[in-house]
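Quick notes on the structure that follows.
If you're wondering where the values come from, they're calculated on a predicted model, not measured in any experiment.
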Amino acid sequence: MSLLDKVVKRLIITNFFGGGWGDPEHFTRILNIRSGYAPSPSGSGVLPGAHPRPFQSIPLSPDTLELRVVADRNNSKSKHYNTYHGSFLSPLAYLHPESLPEESVRCNFVMILPKQWRDEARKRVCLQYAATGDHGYWRRARFIGQPLAKESGIGSVIVENPFYGSRKPKHQVRSGIRYVSDLFTMGCALVLEGHFIMDWLREEEGYTRLGISGVSLGGHNASLAAAAYPKPIAVVPCLSWSTAAHTFSEGIISSKNMWRVLREQLCEDKIEEIKSLIRKTDQDIEEVCRRKYGHVIPAHGALTPSSSPSPYSHVDGKELVVAMPPAGGRFSLSELKYVSRLSTGLESLTSSIGELRRKNSPDNLTTVYLRLLLDEFSNLNNYPVPVCERAAIVVVAEDDLYVTRPSDVPAIGDIWRGCEVRRVRGGHVSSFILHNATFRRAIVDAFDNLDRFIEAGVAAG
């Protein structure tokens, strides 16, 4: 068990889903896009060039999405790579302007390209998605993008998540996604944005070897984007698994959910809406409850609104993350500086932590509904496998308490049968900090596997 995972969990003050489940129209819209039938902005039907894979690659040009890319003025100071800043209108905002908050409408990214490519005919570029709480670009640039360019000649496109960094809505506090639907909107937007970036790199810029990676939440979004992309790419999900359902419904981070709000809304009018989304009958839901808790809970449940105030309401707006190396672990100088930044403010918030430990308990039925909804949208069994499974390398932590791998969830290797699963020692937080070299090695190896796959296909053709 990871002590550090438990310590960090107790020091994170931000809560999730304070607004509840969200607008059911957002869920329906994402399901329609996932099915491969994205309506045109005029409502006149399906966009041309539809592809049978979910989250079809929508033929939107750089001009249509107002793509802008400018070089960093400090490029002359770097010996190994050039940095570019770019933005474009999110394809999700183009298709459904009401889906994203105003601040998230444009996708912002930083591109790091090596000044010296290892192979001019096979230039490699990897998209990098953000983990939970990873606002901006600094960490991914410092520990993944820049070393990849310097050591391996691989470029990176570091994408800023919707609802994070400069794309964070004004009403949102730090990483506290306000609605459950926002989590899925983020994932859908990132899939479409990733597809647009890869199409642009391939068709407009001539890059022939593309990949996608991320850590934690970013790793799972990378998996979804790779599964839905119609061409062979490398994919390296780190510290993620085959579904995000357990992470937010039962994992260690689930204690930060606003269960009281979810429960009250569920008892009011959300049950039928959610059941229509998860495509489950009352009997299916009751059977899940029986298997999970050893007894049947009626699918409509005996839920009653709680009159007690939220235990987190008085600190909404504060978030604290503290990281420290596990026993025997070592930080590099750069990582120590990063840890020092994360630890800032501990003393000033110590007095609040005791109150924040008060239990915000979910009831079993609300947990089951959240789990089933998350599973519908995030389980890789609901998506095709990547075109090149051999170019998929998954990195997991042995003692991860955030992204758990329970026995009732299919292993990712049973879904992507050609992928490789690598394990690192430690928990989620320690691996996030200490195993960046392992993540980079996996990216390099995945691109090598992609090269072999493409070359074998060319030879066979």
Side-chain angles (χ1 to χ4, degrees), residues 1-9 126 128-134 139-148 151-152 154 156 211-223 226 234-244 246-247 251-253 321-336 338-339 342 380 389-407 409-416 418-449:
M1 304 292 282
S2 173
L3 176 61
L4 184 56
D5 281 0
K6 293 181 178 180
V7 169
V8 170
K9 170 250 183 180
C126 185
Q128 310 283 346
Y129 282 159
T132 301
D134 188 3
R139 187 187 187 282
R140 285 172 287 161
R142 178 64 185 85
F143 297 119
I144 302 294
Q146 293 169 3
L148 276 178
E151 299 165 6
S152 305
I154 296 176
S156 292
I212 189 166
S213 182
V215 179
S216 191
L217 174 66
H220 196 77
N221 285 325
S223 297
V235 55
V236 182
C238 302
L239 309 185
S240 66
W241 199 232
S242 58
T243 177
H246 286 73
T247 302
I252 200 170
I253 198 67
V321 177
V322 177
M324 59 191 70
R330 292 184 178 180
F331 287 137
S332 67
L333 180 59
S334 296
E335 288 167 333
L336 282 170
Y338 179 60
V339 171
L342 288 174
L380 295 181
E389 290 178 85
R390 286 184 295 172
I393 298 178
V394 183
V395 183
V396 300
E398 290 182 349
D399 300 314
D400 197 325
L401 297 183
Y402 284 81
V403 180
T404 57
R405 301 183 295 278
S407 59
V409 170
I412 195 168
D414 293 335
I415 303 173
W416 295 357
C419 79
E420 177 186 351
V421 178
R422 298 180 180 179
R423 299 177 182 271
V424 295
R425 297 184 63 181
H428 194 82
V429 177
S430 62
S431 298
F432 181 78
I433 296 172
L434 297 176
H435 289 293
N436 294 290
T438 302
F439 304 154
R440 297 195 300 268
R441 181 71 258 170
I443 291 171
V444 173
D445 292 344
F447 272 107
D448 289 343
N449 292 345

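Here the side chains of D134 and V215 are not in contact, with every heavy-atom distance at 4.5 Å or above. Considering only heavy atoms from C-beta on, H435 stays 4.5 Å or farther from V395 through its side chain. Residues L148 and V444 form a side-chain contact, since some pair of their non-hydrogen atoms from C-beta on lies under 4.5 Å apart. Residues I253 and H428 fail the side-chain proximity criterion, which asks for heavy atoms closer than 4.5 Å. Contact check for R405 versus I412: no side-chain heavy atoms found under the 4.5 Å cut-off. Counting heavy atoms from C-beta outward, W416 and S223 have side chains that approach closer than 4.5 Å.
The backbone N or O of P147 sits nowhere less than 3.5 Å from a side-chain atom of R440 that would complete a donor-acceptor pair. For the pair H220 (side chain) and W241 (backbone), a donor-acceptor distance under 3.5 Å is present. A side-chain donor-acceptor contact under 3.5 Å links S242 to the backbone of P410.
The CD1 atom of I144 sits 7.0 Å away from the CZ atom of F439 when rounded to the nearest 0.5 Å. Atom OG1 of T438 and atom CD1 of I443 lie 11.0 Å apart (nearest 0.5 Å). In this structure, CD in E420 is found 13.5 Å from CD in E389, a value given to the nearest 0.5 Å. We find the OG1-CG distance between T132 and L239 to be 11.0 Å, quoted to the nearest 0.5 Å. If you take CG on N449 and SG on C419, they are separated by 11.0 Å, rounding to the nearest 0.5 Å. In this structure, the separation between CZ on R423 and OG on S431 is 12.0 Å, given to the nearest 0.5 Å.
In this view, R425 and E398 satisfy the side chain to side chain contact (heavy atoms under 4.5 Å, CB included) rule, not counting sequence neighbours. Contacts of A446 classified as side chain to side chain contact (heavy atoms under 4.5 Å, CB included), with partners at least two apart in sequence or in another chain: A234, V236, I393.
Residue S156 comes nearest to G145 through the heavy atom pair OG-CA, 3.5 Å, listed as atom of the first residue, atom of the second, then distance.
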